[in-house]
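These notes concern the structure reproduced below.
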Amino acid sequence: MPQQTTELRTASFADLTARTLHDLLKLRIDVFVVEQNCPYPELDGRDVEPGTRHIWLTDGGAPLAYLRILADPDGVARIGRVVVAPAARGGGHAGRLMTAALEVVGNRRCVLEAQSHLVAFYSRHGFAVSGPEYVEDGIPHTPMRRDAIDG
């Protein structure tokens, strides 16, 4: 079996090729809409915002895992759409993406809406529960935050 070599990529919307955008959206839709059976407006308009950063891992050009960082109006970074392709799960890809994302975020305050079964994973990356659990699209979620780090 050939050794898997992954590549980390980061881009703004303007720097994404049409093919890359297609492949990233397909991964998100395949997992969030189809696998998790959550029909919701996946294309929410935030991917195209100038402050949004897309971070993903590829193997041979195909995306294995993805997340985006949004710049909320209050200056807080918001991590979302964290996804790993079913065939790539268990390979540490989500952890690698989170590490890369937090390097981009730097010492700014950062928030996310975790699927509740992943709270421990995000806690290992410095996030703490910041509010009560709620159900969105039939899936329990928990708000989490990582406070700004004094430089």
Side-chain angles (χ1 to χ4, degrees), residues 4 6-105 108-146:
Q4 184 178 29
T6 58
E7 183 180 347
L8 179 70
R9 299 189 179 174
T10 302
S12 67
F13 179 79
D15 293 331
L16 292 172
T17 66
R19 180 57 192 232
T20 297
L21 177 63
H22 168 274
D23 293 350
L24 296 175
L25 293 176
K26 183 175 184 335
L27 173 60
R28 287 172 22 184
I29 291 167
D30 285 351
V31 172
F32 297 132
V33 178
V34 178
E35 179 185 333
Q36 295 182 356
N37 193 27
C38 296
Y40 70 101
E42 169 57 29
L43 299 177
D44 61 2
R46 300 222 51 200
D47 291 313
V48 303
E49 294 174 358
T52 298
R53 289 296 165 268
H54 303 272
I55 301 177
W56 69 102
L57 290 168
T58 65
D59 179 38
L64 298 174
Y66 166 90
L67 63 74
R68 71 180 182 185
I69 305 169
L70 304 175
D72 279 357
D74 58 3
V76 172
R78 177 174 299 277
I79 293 175
R81 302 295 204 267
V82 181
V83 62
V84 177
R89 292 182 186 151
H93 301 304
R96 187 171 169 201
L97 277 182
M98 284 301 297
T99 298
L102 292 174
E103 287 175 10
V104 171
V105 168
R108 291 181 292 158
R109 183 170 179 238
C110 187
V111 299
L112 55 81
E113 304 297 320
Q115 289 189 6
S116 294
H117 71 278
L118 295 171
V119 164
F121 166 77
Y122 291 114
S123 294
R124 289 192 298 273
H125 290 278
F127 287 84
V129 172
S130 60
E133 183 178 71
Y134 62 94
V135 176
E136 183 174 324
D137 295 318
I139 298 173
H141 285 74
T142 301
M144 299 186 78
R145 78 167 182 258
R146 187 188 76 151

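Every heavy atom of this structure was used, including side-chain atoms; hydrogens, water molecules and symmetry mates were not.
Residues Met98 and Leu67 are in side-chain contact: their nearest non-hydrogen atoms beyond the backbone lie under 4.5 Å apart. In this structure, the side chains of Thr58 and Asp23 stay at 4.5 Å or more apart for every pair of heavy atoms. Between His125 and Thr99 the shortest side-chain heavy-atom distance falls below 4.5 Å. Put simply, the side chain of Arg68 reaches to within 4.5 Å of the side chain of Arg28, judged on heavy atoms. Looking at heavy atoms from C-beta onward, Arg145 lies in side-chain contact with Arg109 at the 4.5 angstrom threshold. Looking at heavy atoms from C-beta onward, Gln36 lies in side-chain contact with Gln115 at the 4.5 angstrom threshold. Here the side chains of Phe127 and Ile79 are in contact, with some heavy-atom distance below 4.5 Å. Inter-residue side-chain proximity for Met144 and Ser123 is flagged as met; some heavy-atom pair is nearer than 4.5 Å.
Between atom CZ of residue Arg108 and atom CD1 of residue Ile69 there is a gap of 7.5 Å, rounded to the nearest 0.5 Å. Of the inter-residue distances, the one linking Leu97 atom CG with Leu57 atom CG reads 4.5 Å to the nearest 0.5 angstrom. The distance from the NE2 atom of His54 to the CG atom of Asp47 is 5.0 Å, given to the nearest 0.5 Å. The distance from atom CG of Leu16 to atom CG of Leu24, rounded to the nearest 0.5 Å, is 6.5 Å. In this structure, Ile29 CD1 and Leu43 CG are separated by 5.5 Å, a value rounded to the nearest 0.5 Å.
Between Leu8 and Ala100 the shortest heavy-atom distance is CD2-CB, 3.6 Å. The two residues Pro143 and Pro132 come nearest to each other via the heavy atoms CD-O, 3.3 Å. Closest of all the heavy-atom pairs between Val31 and Pro86 is CG2-CD, 4.1 Å. The two atoms that bring Glu133 and Ser116 nearest to each other are OE2-OG, 2.7 Å, heavy atoms only. Contact record, Ala88 with His93: O-CD2, 3.1 Å, taken as the closest heavy-atom pair. Residues Pro63 and Ala85 share a closest heavy-atom pair of O-CB, 4.4 Å.
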Step by step, would you call Val76 with Leu70 a side-chain contact (heavy atoms from CB on, under 4.5 Å)? CA-CA 8 Å; Val76 172; Leu70 304 175; over 6 Å; no

Evaluate side-chain contact (heavy atoms from CB on, under 4.5 Å) for Leu27 paired with Trp56, printing each intermediate quantity in order. CA-CA 11 Å; Leu27 173 60; Trp56 69 102; over 6 Å; no

What verdict does the side-chain contact (heavy atoms from CB on, under 4.5 Å) test give for Val82 and Leu118, after you've listed the backbone C-alpha separation in whole Å, the side-chain angles of each residue and the deciding distance to 0.1 Å? CA-CA 11 Å; Val82 181; Leu118 295 171; over 6 Å; no

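Side-chain contact, Thr20 with Arg9: no donor N or O sits under 3.5 Å from an acceptor N or O.
The backbone N or O of Arg46 sits less than 3.5 Å from a side-chain atom of Thr52, completing a donor-acceptor pair. A donor-acceptor pair is defined here as one N or O able to donate and one able to accept, closer than 3.5 Å; no such pair exists between the side chain of Arg81 and the backbone of Tyr66. Between the side chain of Asp137 and the backbone N or O of Ile139, no donor-acceptor pair lies under 3.5 Å.
The aromatic rings of Tyr134 and His141 lie parallel to each other, with less than 30° between the two planes, well short of the 60° mark.
Using a 4.0 Å cut-off between charged side-chain N and carboxylate O, Glu35 and Arg89 make a salt bridge. Electrostatic pairing of Asp15 and Arg53 does not count as a salt bridge here, judged by no charged N lying under 4.0 Å from a carboxylate O.
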